[in-house]
Amino acid sequence: MPISDSTVSRFDAEVSSRVVEVRERIAAATARGGHGQAVTLVAVTKTHGPEAVLAAWRAGVHDVGENRVQEAEDKMARVDVPVRWHLIGHLQRNKARAATRFALVHGVDSERLADALDQAARAAARTLDVLMQVNISGEDTKSGVEPGAVSALAERWHALRNLRVMGAMVMAPLDAPEAVLRAVFAGARHARTVLQHAGHPAPWLSMGMSGDYEIAIEEGATHVRLGTVLFGSRVSPT
Ligand SMILES: *Cc1c(COP(=O)(O)O)cnc(C)c1O
């Protein structure tokens with residue numbers, strides 16, 4: 001459906017002003033936290049159309065996150081701006097080949113998936129940057145490697161020559177008290193240290209969504225994944 005120019009520019013202006021405000025909050029949280037990290041704002045465009053990707057780009061956001069491969073590929077085909085695509089959701093092994101189109105795969109949570117991604121990356125003649133998803137809160141509904149298993153898995157991932165393990169990713173429980181959020185984020189920070197001790201570069205920590213990104217940054221997040229706070233509520237939440 002064609003959308004009029006004025007609709008486009010109103011949406012763009014809205015996203016732009018939200019980006020400005022979020023960037024201010026990111027800067028303030030970084031200063032409060034004292035970790036001194038650079039923070040990448042990943043605009044989560046899932047359930048929104050390609051115009052959300054364009055609005056993010058025009059607002060100076062060059063990293064875009066999607067949680068489904070198919071939806072991401074549809075948008076990749078429909079925008080011509082060179083954003084970096086992040087795959088942030090749970091990934092099935094049979095989608096590993098498509099995952100090599102992304103700049104960073106956030107949710108790698110098993111040896112089998114890591115193997116499949118490594119093979120796919122080799123076939124594509126590239127090195128794929130990945131994050132190990134850890135399940136700090138221990139919720140059954142969350143994917144992720146158990147904290148106690150991070151070290152052993154990190155050792156085994158050395159064999160995967162076409163993957164570069166860039167850090168840890170975590171999803172905090174929704175609406176948890178601040179103390180719980182901080183404990184989860186600190187746990188993810190510790191998991192990253194374990195990855196580093198195992199010899200992976202692991203400079204990054206992907207944590208923080210619309211409801212908790214300032215706390216995540218105070219706890220050291222280098223990548224925040226923000227949807228609602230930039231684009232409004234999703235039509236069909238996923
Ligand atoms: C949807 C989603 C987000 C963004 O959530 P908001 O609360 O809308 O900011 C972040 N991370 C993951 C993995 C998601 O699926």
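Every heavy atom of this structure was used, including side-chain atoms; hydrogens, water molecules and symmetry mates were not. All residue numbers refer to positions in the sequence shown, counting from 1.
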Is there a side-chain contact between [X] and [Y], using heavy atoms and a 4.5 Å cut-off?
| X | Y | answer |
| --- | --- | --- |
| Leu54 | Phe11 | no |
| Arg23 | Val61 | yes |
| Arg189 | Glu219 | yes |
| Trp157 | Asp118 | no |
| Leu104 | Trp204 | yes |
| Phe185 | Asp212 | yes |
| Glu111 | Leu153 | yes |
| Trp85 | Leu87 | no |

Verify the cluster assignment for [X] and [Y]: are they in a single hydrophobic cluster under the rule of side-chain heavy atoms below 4.5 Å apart?
| X | Y | value |
| --- | --- | --- |
| Val42 | Leu226 | no |
| Leu205 | Val145 | yes |
| Phe231 | Val229 | yes |
| Val53 | Met76 | yes |
| Ile215 | Val22 | no |

Find the distance between [atom1] ([X]) and [atom2] ([Y]) and round it off to the nearest 0.5 Å.
| X | Y | atom1 | atom2 | answer |
| --- | --- | --- | --- | --- |
| Leu131 | Asp109 | CG | CG | 12.0 Å |
| Glu71 | His48 | CD | NE2 | 9.5 Å |
| His86 | Thr40 | NE2 | OG1 | 7.0 Å |
| Met132 | Ser110 | CE | OG | 10.0 Å |
| Ile88 | Gln133 | CD1 | CD | 10.5 Å |

Short question: side chain of [X], backbone of [Y] - any donor-acceptor pair under 3.5 Å?
| X | Y | value |
| --- | --- | --- |
| Thr228 | Ser233 | no |
| Gln196 | Ala202 | yes |
| Lys75 | Glu66 | no |
| His35 | Glu218 | yes |
| Gln37 | Ala221 | yes |

Without placing hydrogens or testing angles, list every side-chain donor-acceptor pair under 3.5 Å for residues 160-181, not counting sequence neighbours.
{"residue": "Asn162", "atom": "OD1", "partner": "Arg122", "partner atom": "NE", "Å": "3.4"}
{"residue": "Asn162", "atom": "ND2", "partner": "Arg126", "partner atom": "O", "Å": "3.1"}
{"residue": "Arg164", "atom": "NE", "partner": "Asp129", "partner atom": "OD1", "Å": "2.7"}
{"residue": "Arg164", "atom": "NH2", "partner": "Asp129", "partner atom": "OD1", "Å": "3.0"}
{"residue": "Arg164", "atom": "NH2", "partner": "Asp129", "partner atom": "OD2", "Å": "3.3"}
{"residue": "Glu178", "atom": "OE2", "partner": "Arg182", "partner atom": "NE", "Å": "2.9"}
{"residue": "Glu178", "atom": "OE2", "partner": "Arg182", "partner atom": "NH2", "Å": "2.8"}

Write down the atom of [X], the atom of [Y], and the distance for their closest heavy-atom approach.
| X | Y | answer |
| --- | --- | --- |
| Leu113 | Val108 | CD2-CA, 4.0 Å |
| Val134 | Ala191 | CG1-CB, 4.0 Å |
| Ile136 | Ala183 | CG2-O, 4.3 Å |
| Val184 | Ser137 | CG2-CB, 4.1 Å |
| Leu195 | Ala154 | CD2-CB, 3.7 Å |
| Ala55 | Asp12 | CB-OD1, 3.3 Å |

Please test Asp115 against Gln119 for side-chain hydrogen bond (donor to acceptor under 3.5 Å, both in side chains), starting from the C-alpha separation and ending with a verdict. CA-CA 6 Å; Asp115 274 339; Gln119 279 178 31; over 6 Å; no
For atom [atom1] of [X], is the number of surrounding heavy atoms from other residues, nucleotides or ligands below 6.0 Å larger than 12?
| X | atom1 | value |
| --- | --- | --- |
| His197 | NE2 | no |
| Glu146 | CD | no |
| His62 | NE2 | yes |

Salt bridge (Lys or Arg N to Asp or Glu O under 4.0 Å) contacts in which one or both residues fall within residues 190-200, not counting sequence neighbours: none
Can you confirm whether the side chains of Asn135 and Glu139 place a donor and an acceptor under 3.5 Å from each other? no
Test side chain to side chain contact (heavy atoms under 4.5 Å, CB included) applied to Gln92 and Val69, step by step: CA-CA 9 Å; Gln92 276 156 357; Val69 168; over 6 Å; no
Run Glu214 and Arg32 through side chain to side chain contact (heavy atoms under 4.5 Å, CB included) and show every step you take. CA-CA 10 Å; Glu214 290 166 280; Arg32 284 195 304 273; 4.1 Å; yes
Decide side chain to side chain contact (heavy atoms under 4.5 Å, CB included) for Leu117 and Leu91; before the verdict, give the C-alpha distance in whole Å, the side-chain angles of both, and the deciding distance to 0.1 Å. CA-CA 10 Å; Leu117 288 170; Leu91 173 67; 3.8 Å; yes
In plain terms, say whether Glu73 and Arg101 are close enough for a salt bridge, that is, a side-chain N and a carboxylate O under 4.0 Å apart. yes
Is it true that Arg10 and Glu14 make a salt bridge, defined as a side-chain N closer than 4.0 Å to a carboxylate O?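 The answer is no: the pair does not qualify as a salt bridge.
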Run the side chain to side chain contact (heavy atoms under 4.5 Å, CB included) check on Val79 and Trp57 step by step: do they pass? CA-CA 10 Å; Val79 300; Trp57 174 263; over 6 Å; no
With under 30° as parallel and over 60° as perpendicular, where do the rings of His223 and His106 fit, or are they tilted in between?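 His223 and His106: perpendicular rings.
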